[in-house]
> 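Mind having a look at this structure? Questions to follow.
All ligand and atom numbering here is 1-based and tracks the order in the structure.
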Amino acid sequence: MEISRRKFFATSAAAAAIAEQDLAGQTTPPPAAAKPGKLPVIICAANGYKYLDRAWAALQGGADTLDAAIEVVTGPEDDPKDDSVGLGGLPNEEGVVELDSCCMHGPTRRAGSVGGVRNIKNVSRVAKAVMEHTGHVMLVGDGAERFAVSMGFPRENLLTEHSRKVWTLWREVHSNQDWWGPQIGAPNWTAPDGGTAGKRMNRLVEMAASLGIPEEERMDAVRKVLHPPTGTIHCSVANAMGEVSGITTTSGLAWKIPGRVGDSPIIGAGCYTDPDVGSAGATGSGEENIKVAGAHTIVEAMRRGLEPREAGMEALKRIVRFHQDDKNQLRFIGMTYYVLRKDGAYAGVALWSGKPGQTPRYVVHDGEKRTETCTYLLEGETRGWPPIPSVPW
Ligand code: GLY
């Protein structure tokens, strides 16, 4: 049988679509006609809202896209009240704040990253310094800290009184098994029993009061003890010429084993930028995002022609596939992706809808600063990861 060249390409495209369906385990919509967005544009996790204006002003003044993104993320890094990033970040299980960050600079196709850094609050700038002043891409731990000091970054105590108290509350109730496995979905994993959560809550609120945690902060502290957050801020920027950069920075998972790094410093997971395509980044369960190389998966999906929203959904579907669609596992996972195509089209997507009216949000500035609601994949709430620690009462 003769097959025309045109028909051959149509058949190949269909085969590729089927392969994609097999890979993700779910139907992936066919590439839609690309609808260009507006340039310049900044897209960011919600905790960057307050800092969008200064980044926008920098961009209008001709700042580089990575420098504009850093204008956003250093806001929460410097803010002792933001306990998910930089100064005041929630510490590891030993009470030490360890920070992670990575960046990609589209115009020069370079990358920088640091992991497990102590005593230096602006790890986003340190990641950029690794990119600019070394022949490496990633530095970790003590070496990264000493590099930062050699570059003029001041050493400072990152543990605020607030974070110390919440850590102390966690320490009072934690078991010695919180971080030592198994991973969600491992053969010996079982969903934790949340049956006595109410009782635990009341007891923890009382303990928080006895530790001197102000009343208005108590419920938040208790939630963070029972469902350790992963914090994080990601920001991607495209300028008027369609140049793109991205950056992600975090104090990582609260109460983690010292030395644990999540997705935020991993190029391709927490952040990925390709000047030919666009940029993407993540906040949420780092371990899950590493396994699907989320940001890279999204950029590659856009390269194949998927719209930003569909590209983000594809990465979320891979997480679902990794857990074989088992909601009993997936409800312990939270994930939000921020997606920017180089022509300014963008999207925010989340794994779970959250409670009615509480769907995860992200922020955008394209001349107008605003908050937008993510498109979500699954209806319902995440209980956060990892499982509730064993509280002995
Ligand atoms: N997404 C941040 C972390 O898991 O460390």
> Can an N or O of T250 be found at a distance shorter than 3.5 Å from an N or O of ligand 1?
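N/O-N/O distance under 3.5 Å: no.
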> With a cut-off of 4.0 Å, which atoms of ligand 1 are near a heavy atom of D263?
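Result: 1 (N), 2 (C), 3 (C), 4 (O).
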> List ligand 1 atoms under 4.0 Å from G252, heavy atoms only on the residue side.
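Answer for ligand 1: 5 (O).
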> Could you tell me which atoms of ligand 1, counted from 1 in the order shown, lie closer than 4.0 angstrom to a heavy atom of L253?
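Per the distance check, 5 (O).
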> When you measure from the side chain of W352 to the backbone of I333, do you find a donor-acceptor pair of N or O atoms at a distance under 3.5 Å?
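Confirmed, W352 side chain pairs with I333 backbone.
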> Would you say the side chain of E300 lies within less than 4.5 Å of the side chain of E314, judging by non-hydrogen atoms?
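No - every pair of side-chain heavy atoms lies 4.5 Å or more apart.
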> Where does T230 meet ligand 1, judged by heavy-atom distances below 4.0 Å: at the side chain, the backbone, both, or neither?
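It is both backbone and side chain that touch ligand 1.
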> Is V97 isolated, or which residues cluster with it under the ILVMFWY side-chain rule of less than 4.5 Å, directly or via members?
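When side chains under 4.5 Å apart are linked, the cluster holding V97 also contains L87, L99, V114, V117, I120, V123, V126, V130, L139, F147, V149, M151, F153, L158, L159.
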> So, H296 side chain and A269 main chain: donor-acceptor pair closer than 3.5 Å or not?
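Side chain of H296 to backbone of A269: no pair is present.
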> What distance separates N92 CG from E98 CD, expressed to the nearest 0.5 Å?
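One finds 4.5 Å between CG of N92 and CD of E98.
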> Please list, in number order, the atoms of ligand 1 under 4.0 Å from a heavy atom of S264.
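With S264 as reference, the close atoms of ligand 1 come out as 1 (N), 2 (C).
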> Less than 3.5 Å apart, any donor N or O on the side chain of R331 or T382 sitting next to an acceptor on the other?
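Looking only at side-chain atoms, T382 and R331 do not form any donor-acceptor pair under 3.5 Å.
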> Does any part of the side chain of L226, heavy atoms only, come nearer than 4.5 Å to the side chain of M201, both counted from C-beta?
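M201 reaches L226 side chain to side chain.
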> Should G262 be counted as touching ligand 1, given the test is an N or O pair under 3.5 Å?
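G262 vs ligand 1: no N/O contact under 3.5 Å.
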> Below the 3.5 angstrom mark, is there an N/O of G284, backbone or side chain, next to an N/O of ligand 1?
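It does: an N or O of G284 is found under 3.5 Å from an N or O of ligand 1.
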> Would you mind running through ligand 1 and noting each atom that sits below 4.0 Å from a heavy atom of T232?
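Once the distances to T232 are compared, the set is 1 (N), 2 (C).
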> Quick one: look up the protein heavy atom nearest atom 5 (O) of ligand 1 and list residue, atom name and how far away it is.
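Scanning the protein heavy atoms, the shortest distance from atom 5 (O) of ligand 1 goes to R260 NH1, 2.7 Å.
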> For residues 65-72, dump all side-chain donor-acceptor pairs below 3.5 Å to protein atoms at least two apart in sequence or in another chain.
residue, atom, partner, partner atom, Å
T65, OG1, S245, OG, 2.8
D67, OD1, K128, NZ, 2.8
E71, OE1, R54, NE, 3.3

> At a 4.0 Å threshold, what atoms of ligand 1 neighbour a non-hydrogen atom of G286?
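Reading through ligand 1 atom by atom, the close ones are 4 (O).
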